4 protein chains.
Amino acid sequence: MNRTTLDSKNKIYKAALNLFIKKGIKGTTTREIAKKAGIAEGTIYIHFSTKDAIAFTLFTNYMGVFRERLLESSKNCTNPTFKLRAIIHAFFDFAKDEPNACSYIVIDHYTELNKMTKEKNKFKDIFVEVIHDGIKKRVFRKIDENLGSALIIGMINRAILSFNNGLLDSDYDKLVSETVNAALRVLEKNY
Amino acid sequence: MNRTTLDSKNKIYKAALNLFIKKGIKGTTTREIAKKAGIAEGTIYIHFSTKDAIAFTLFTNYMGVFRERLLESSKNCTNPTFKLRAIIHAFFDFAKDEPNACSYIVIDHYTELNKMTKEKNKFKDIFVEVIHDGIKKRVFRKIDENLGSALIIGMINRAILSFNNGLLDSDYDKLVSETVNAALRVLEKNY
Amino acid sequence: MNRTTLDSKNKIYKAALNLFIKKGIKGTTTREIAKKAGIAEGTIYIHFSTKDAIAFTLFTNYMGVFRERLLESSKNCTNPTFKLRAIIHAFFDFAKDEPNACSYIVIDHYTELNKMTKEKNKFKDIFVEVIHDGIKKRVFRKIDENLGSALIIGMINRAILSFNNGLLDSDYDKLVSETVNAALRVLEKNY
Amino acid sequence: MNRTTLDSKNKIYKAALNLFIKKGIKGTTTREIAKKAGIAEGTIYIHFSTKDAIAFTLFTNYMGVFRERLLESSKNCTNPTFKLRAIIHAFFDFAKDEPNACSYIVIDHYTELNKMTKEKNKFKDIFVEVIHDGIKKRVFRKIDENLGSALIIGMINRAILSFNNGLLDSDYDKLVSETVNAALRVLEKNY
DNA sequence: AATGAATGAGGTTTCATTCAT
DNA sequence: GATGAATGAAACCTCATTCAT
């Protein structure tokens with residue numbers, strides 16, 4: 001792949017992501033994508049077989065990046081509390097660095113993306129494992145690990161969503177530490 | 001409105017809701033709605049001006065019902081802890097009684113519904129008020145009330161979502177009490 | 001199916017057939033069909049699922065009619081010579097009554113229609129059977145029946161094609177009798 | 001023209017001919033031609049101005065070759081019967097040596113090629129002349145020469161088509177001699 | 001009120017052709 | 001000459017909405 005190819009492809013990715021999170025996948029037209037990307041409509045089909053293929057590839061690629069960042073962030077922690085904190089920080093960092101991608105794969109597009117991906121919530125297992133480990137090490141209280149993950153992920157999601165919508169007064173760092181705090185309150189024994 | 005009218009209208013509501021939560025609003029065609037409702041496509045336009053009007057009315061109506069149920073459930077509680085517990089129970093009850101409506105207005109369709117309603121999260125204020133009251137009464141710790149609401153609502157949402165997707169082992173009552181427990185851990189002082 | 005439906009559908013059939021024989025199936029656009037039929041482009045898709053479905057249905061329907069006319073024409077003949085004559089007459093009659101249909105299913109569109117129909121040349125068997133019978137009855141000379149059919153059908157096809165293109169001076173009746181004569185020369189013993 | 005040019009051009013001819021007879025001219029894309037020829041799509045336009053120019057040139061070139069072979073085969077025959085036999089043999093030989101070209105110019109693509117060539121059936125005159133001569137020499141019976149040509153050409157076409165489609169049991173030599181026999185039965189006086 | 005065929009604007013996709021490299 | 005990404009006109013098809021019955 002040469003420079004030009006990458007350029008066009010990336011322009012499409014960027015434009016499509018932008019539009020998908022604002023108007024949904026179905027709600028975004030190829031004409032809009034092309035216009036926003038500054039290319040011809042036909043060019044889309046050099047790089048992708050269908051409009052949905054853009055949506056799918058965006059999802060898959062960013063989910064991969066997201067997972068890696070979560071895993072990377074916590075790989076050196078042995079203490080479950082630190083590990084959980086690291087993952088939550090990484091989650092918020094991703095939301096800050098790649099707000100569109102984060103909205104797209106995590107926050108908003110549940111229904112439309114459900115049709116595309118069989119392995120739903122492909123990052124949930126990372127939380128499950130941390131919680132599992134924390135329980136085994138008696139740092140976390142006994143709780144269904146899947147429920148624990150759901151509660152923590154739900155808090156993070158909604159916190160980011162509310163922040164992005166300007167509904168929160170806190171600054172971002174405060175938001176993160178408060179969410180970590182809340183997560184530990186939910187999970188830790190001595191609370 | 002006579003019997004027949006109501007019948008047709010209700011059939012449309014039911015069919016549309018069903019399809020909207022599965023395929024999204026944009027992803028659902030009027031033909032599909034008519035077919036599922038067992039009526040002709042043209043009949044839809046006797047009762048609604050546009051397809052989006054169905055989506056909007058569904059949202060508004062159910063949001064009204066939902067709000068009422070949350071408010072009704074807690075109107076006799078003075079203790080913030082009991083009040084919060086009551087609201088969460090009402091939330092889960094609504095999700096059980098009207099799973100489609102609940103998915104539609106609360107859980108899934110953030111992006112598509114955003115376009116329709118300016119007053120986002122029209123039930124969030126109920127949580128905000130309870131938390132505000134709890135803090136004033138020194139039952140809950142000091143926390144940005146909007147953040148607190150976001151965390152609690154996020155947990156509930158994701159818990160219901162996970163349950164509906166068959167990802168949790170717990171039975172429903174256990175799920176509810178665990179979620180209440182988690183919410184109180186997040187908010188109460190003595191945790 | 002009410003009047004209107006039939007009207008639209010028939011208009012589409014007629015327009016499409018007309019264009020298909022002139023420009024080919026691939027060479028005919030849905031826009032042209034709609035325009036010639038005097039309907040909206042979208043209307044086509046109420047009655048047919050795809051453009052190719054029109055082509056296929058046209059082929060199947062007319063091939064059915066054509067076969068029936070060949071069979072009907074010869075059902076009362078026992079003498080193979082008479083039978084063959086009757087079938088050839090029926091062939092030419094069809095070409096005269098329904099020149100477009102005849103062109104479409106028999107004469108021109110070999111390549112395009114091949115893709116649509118597995119049972120190629122669905123009328124060849126009628127010729128094969130007559131020849132088979134004629135050989136058994138010692139009226140026709142021994143010849144591979146499939147080759148015999150091919151030769152006769154080939155002559156008829158090309159005769160009609162040449163006539164339609166204005167390349168022949170003969171009037172139609174002369175053309176038919178000459179072709180019958182040629183067919184019998186090819187097949188009969190005493191020639 | 002150097003070696004390379006010829007190579008590319010010939011690759012295009014070969015690939016295009018192959019695809020045209022299978023899928024039609026309209027049904028074949030330049031991308032397919034390029035792929036089958038093992039060249040880039042743009043290269044086509046170095047050698048040909050349009051896709052249709054390939055189709056037209058293929059037709060014209062092969063028609064020239066075909067005519068020459070028919071003429072060459074019979075140039076030393078004075079006897080009309082021998083001459084006709086020679087031409088039919090040459091026809092079948094061409095169909096054997098260049099099956100794709102033969103399919104393309106003679107057998108299949110009547111409709112699509114009609115648009116390209118004004119002098120239709122550019123080889124028909126060869127048959128007309130032989131028949132004319134045969135009639136004059138009282139070897140052939142009186143028959144409209146154009147009709148006679150149509151009948152003979154129709155038989156040959158259909159015989160080859162049936163053979164190529166595997167519908168005939170005869171071997172090729174038998175097929176040829178049977179067709180010659182049939183042609184003479186149609187034309188010769190003493191039949 | 002109910003129907004469902006018809007509409008036509010607009011969506012997705014294809015493809016012959018161009019052009020910078 | 002050769003490449004293949006880019007173009008954009010035009011193809012096929014969809015679908016919310018209308019309207020005659």
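No experiment lies behind these values; they were computed from the predicted model shown. Each chain gets a letter, A, B and so on, in the order the sequences are listed, and its residues count up from 1.
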Candidate nucleotides [options], ranked by approach to the side chain of [X] - the nearest:
{"X": "D:Thr50", "options": "F:dA16, E:dT17, F:dT3", "result": "E:dT17"}
{"X": "B:Ala40", "options": "E:dT17, E:dG4, E:dA1", "result": "E:dG4"}
{"X": "D:His47", "options": "E:dA16, E:dT7, F:dA2", "result": "F:dA2"}
{"X": "C:Tyr45", "options": "F:dC13, F:dA2, E:dT12", "result": "F:dC13"}

Exercise for the section: Would you mind classifying the nucleic acid contact of B:Thr29 as base, sugar-phosphate or nothing, using non-hydrogen atoms under 4.0 angstrom? Expected result: sugar-phosphate

Practice task
Select base, sugar-phosphate, or nothing to describe what A:Ile39 touches, counting heavy atoms under 4.0 Å on all strands.
Solution key: sugar-phosphate

Using whole Å, what does the distance between atom [atom2] of nucleotide [N] and atom [atom1] of [X] come to?
{"X": "A:Asn10", "N": "F:dA5", "atom1": "CG", "atom2": "P", "result": "15 Å"}
{"X": "C:Ile44", "N": "F:dC15", "atom1": "CD1", "atom2": "P", "result": "17 Å"}
{"X": "C:Ile46", "N": "F:dA20", "atom1": "CD1", "atom2": "P", "result": "16 Å"}
{"X": "C:Lys35", "N": "F:dC12", "atom1": "NZ", "atom2": "C1'", "result": "18 Å"}
{"X": "C:Ile54", "N": "F:dC13", "atom1": "CD1", "atom2": "P", "result": "9 Å"}
{"X": "C:Phe48", "N": "F:dC12", "atom1": "CZ", "atom2": "C1'", "result": "16 Å"}
{"X": "A:Arg31", "N": "F:dA10", "atom1": "CZ", "atom2": "P", "result": "14 Å"}
{"X": "D:Lys9", "N": "F:dA2", "atom1": "NZ", "atom2": "P", "result": "11 Å"}

Exercise for the section: Take the angle between the ring planes of A:Tyr104 and A:Phe20 and call it parallel below 30°, perpendicular above 60°, tilted in between. Expected result: parallel

Practice task
Assign each of B:Gly38 and C:Lys26 to its nearest nucleotide of DNA chain E by heavy atoms, then name whichever residue's nucleotide is nearer the 5' end.
Solution key: B:Gly38

Practice task
Would you kindly compare A:Thr43 and A:Thr30 by the position of their nearest DNA chain E nucleotide and give the one closer to the 5′ end?
Solution key: A:Thr30

Exercise for the section: Please check if the distance between the ring centroids of C:Phe48 and C:Tyr13 is under 6.0 Å. Expected result: yes

Problem - Identity of whatever pairs with F:dC15 - Watson-Crick or G-U, under 3.5 angstrom - result: E:dG8

Completion exercise
By the Watson-Crick or G-U definition, both distances under 3.5 Å, E:dA20 is matched with F:dT3

Problem - Residue met sooner reading DNA chain F from 5', once A:Gly42 and B:Glu41 are mapped to nucleotides - result: A:Gly42

Practice task
Give the intermediate values and the outcome of side-chain contact (heavy atoms from CB on, under 4.5 Å) for residues D:Thr30 and D:Tyr45.
Solution key: CA-CA 10 Å; D:Thr30 50; D:Tyr45 292 86; 3.5 Å; yes

Handout entry: Phosphate contact (E:dA6 OP1 or OP2) by C:Ser8 side-chain N/O below 4.0 Å
Key = yes

Exercise for the section: Answer with yes or no whether the side chains of D:Lys22 and D:Asn18 bring together a donor and an acceptor at under 3.5 Å. Expected result: yes

Handout entry: A:Val65 backbone acceptor or donor facing A:Glu68 side chain under 3.5 Å
Key = no

